[in-house]
Amino acid sequence: MQSDTTDCQVKALRDAPVATEIRQRPPIYFPGRTVCNAAGQCYTTPGWWEPGNVYSVDPNAGLRSRVEQQCMAQKGYSPVQLPSCSQNVAAQVQPVRGAKLPPLGPKSCVVRFEDGSIQVVTPAAG
């Protein structure tokens, strides 16, 4: 699964490359205020502009995600949501690199390892 995911991520990056654009929100003008005291003497504070924030956006991010999902679907994968395994189950799991995904069942769960990898586990009923 991880190899197929990497292959699809590379394909998506090649087909919909990062295209970072720098953008700026419009500036905002804050008008001055007129303040008067009890004697009727007034003064006006000056207004000021605050520049718009500068930010970056990748307009290809959504397309890249769709290309990756489509690639994975063509390889026979479909997304599922699984809960994290309990500490008891996770403590019994030995990481197996390149392991085939087990058949999913009602008790299937995910173990996340310190290196960021995951392993799907389907505990035996009992």
Side-chain angles (χ1 to χ4, degrees):
M1 177 195 75
Q2 290 171 333
S3 176
D4 287 342
T5 299
T6 300
D7 290 346
C8 288
Q9 287 171 337
V10 169
K11 177 188 180 340
L13 191 57
R14 183 180 56 241
D15 293 352
V18 174
T20 303
E21 293 179 359
I22 306 298
R23 298 183 181 175
Q24 183 175 11
R25 290 184 172 78
I28 300 171
Y29 180 72
F30 293 92
R33 294 182 7 204
T34 299
V35 180
C36 298
N37 62 20
Q41 296 171 325
C42 300
Y43 67 94
T44 302
T45 61
W48 74 93
W49 285 94
E50 271 195 21
N53 293 339
V54 175
Y55 64 98
S56 63
V57 65
D58 177 7
N60 283 351
L63 175 61
R64 193 168 41 258
S65 176
R66 290 191 305 276
V67 169
E68 182 182 343
Q69 291 171 9
Q70 189 176 44
C71 175
M72 290 298 284
Q74 289 169 346
K75 292 179 180 283
Y77 295 93
S78 60
V80 296
Q81 289 187 350
L82 297 174
S84 293
C85 294
S86 68
Q87 288 183 347
N88 291 341
V89 171
Q92 298 173 26
V93 174
Q94 294 297 318
V96 179
R97 302 287 180 231
K100 286 195 163 245
L101 294 173
L104 297 180
K107 294 188 176 198
S108 294
C109 57
V110 175
V111 176
R112 296 185 190 280
F113 299 106
E114 289 181 12
D115 66 358
S117 64
I118 63 168
Q119 191 165 323
V120 176
V121 177
T122 300

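Please read these numbers as outputs of a predicted model, since none were measured by experiment.
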Next on the checklist: Working note: Ser56 + Ile22, criterion side chain to side chain contact (heavy atoms under 4.5 Å, CB included); need CA distance, chi angles, decisive distance, verdict.
Outcome noted: CA-CA 4 Å; Ser56 63; Ile22 306 298; 3.9 Å; yes
Next on the checklist: Assess the residue pair Val93 and Cys85 against the criterion (side chain to side chain contact (heavy atoms under 4.5 Å, CB included)); give the C-alpha distance rounded to whole Å, side-chain angles, the decisive distance to 0.1 Å, and a yes or no.
Outcome noted: CA-CA 10 Å; Val93 174; Cys85 294; 5.9 Å; no
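Taking the six-membered ring where the residue is Trp, Trp49 and Tyr29 present tilted rings, their angle falling between 30° and 60°.
Using a 4.5 Å cut-off between side-chain heavy atoms of Ile, Leu, Val, Met, Phe, Trp and Tyr, with links allowed through other members, Val57 and Val18 fall into different hydrophobic clusters. Placement of Leu82 and Tyr77 within a single hydrophobic cluster is found when ILVMFWY residues are connected by side-chain heavy-atom separations under 4.5 Å, directly or transitively. In the hydrophobic cluster analysis, where Ile, Leu, Val, Met, Phe, Trp and Tyr join through side-chain heavy atoms closer than 4.5 angstrom, Val120 is grouped together with Val80.
In terms of modelled atom types and a separation under 3.5 Å, the side chain of Ser65 and the main chain of Ala61 share no donor-acceptor contact. Counting only distance, with no hydrogens or angles, the side chain of Thr122 and the backbone of Pro103 share a donor-acceptor pair below 3.5 Å. Listed for the Asn60 side chain is a donor-acceptor partner under 3.5 Å among the backbone atoms of Pro17. Without hydrogens or angle criteria, Asp58 side chain to Ala19 main chain gives a donor-acceptor distance under 3.5 Å. Under the 3.5 Å distance criterion, the side-chain polar atoms of Arg64 are matched with a main-chain donor or acceptor of Ala16. At distances below 3.5 Å, at least one donor-acceptor pair connects side-chain atoms of Ser108 with backbone N or O atoms of Gly105. In this structure, Gln24 contributes its side chain and Gly52 its backbone to a donor-acceptor pair below 3.5 Å.
Other residues, nucleotides and ligands contribute only 12 or fewer heavy atoms inside 6.0 Å of the OH atom of Tyr43.
The CD atom of Glu68 sits 11.0 Å away from atom CG of Asp7, with the distance rounded to the nearest 0.5 Å. Thr5 OG1 to Met72 CE: the interatomic distance, rounded to the nearest 0.5 Å, is 3.5 Å. Rounded to the nearest 0.5 Å, atoms NZ (Lys11) and CG (Leu13) are 11.5 Å apart. Note: Arg25 CZ to Glu50 CD = 13.5 Å, rounded to the nearest 0.5 Å.
At a cut-off of 3.5 Å, with distance as the only test, a side-chain donor of Ser117 or Asp115 sits close to an acceptor on the other residue.
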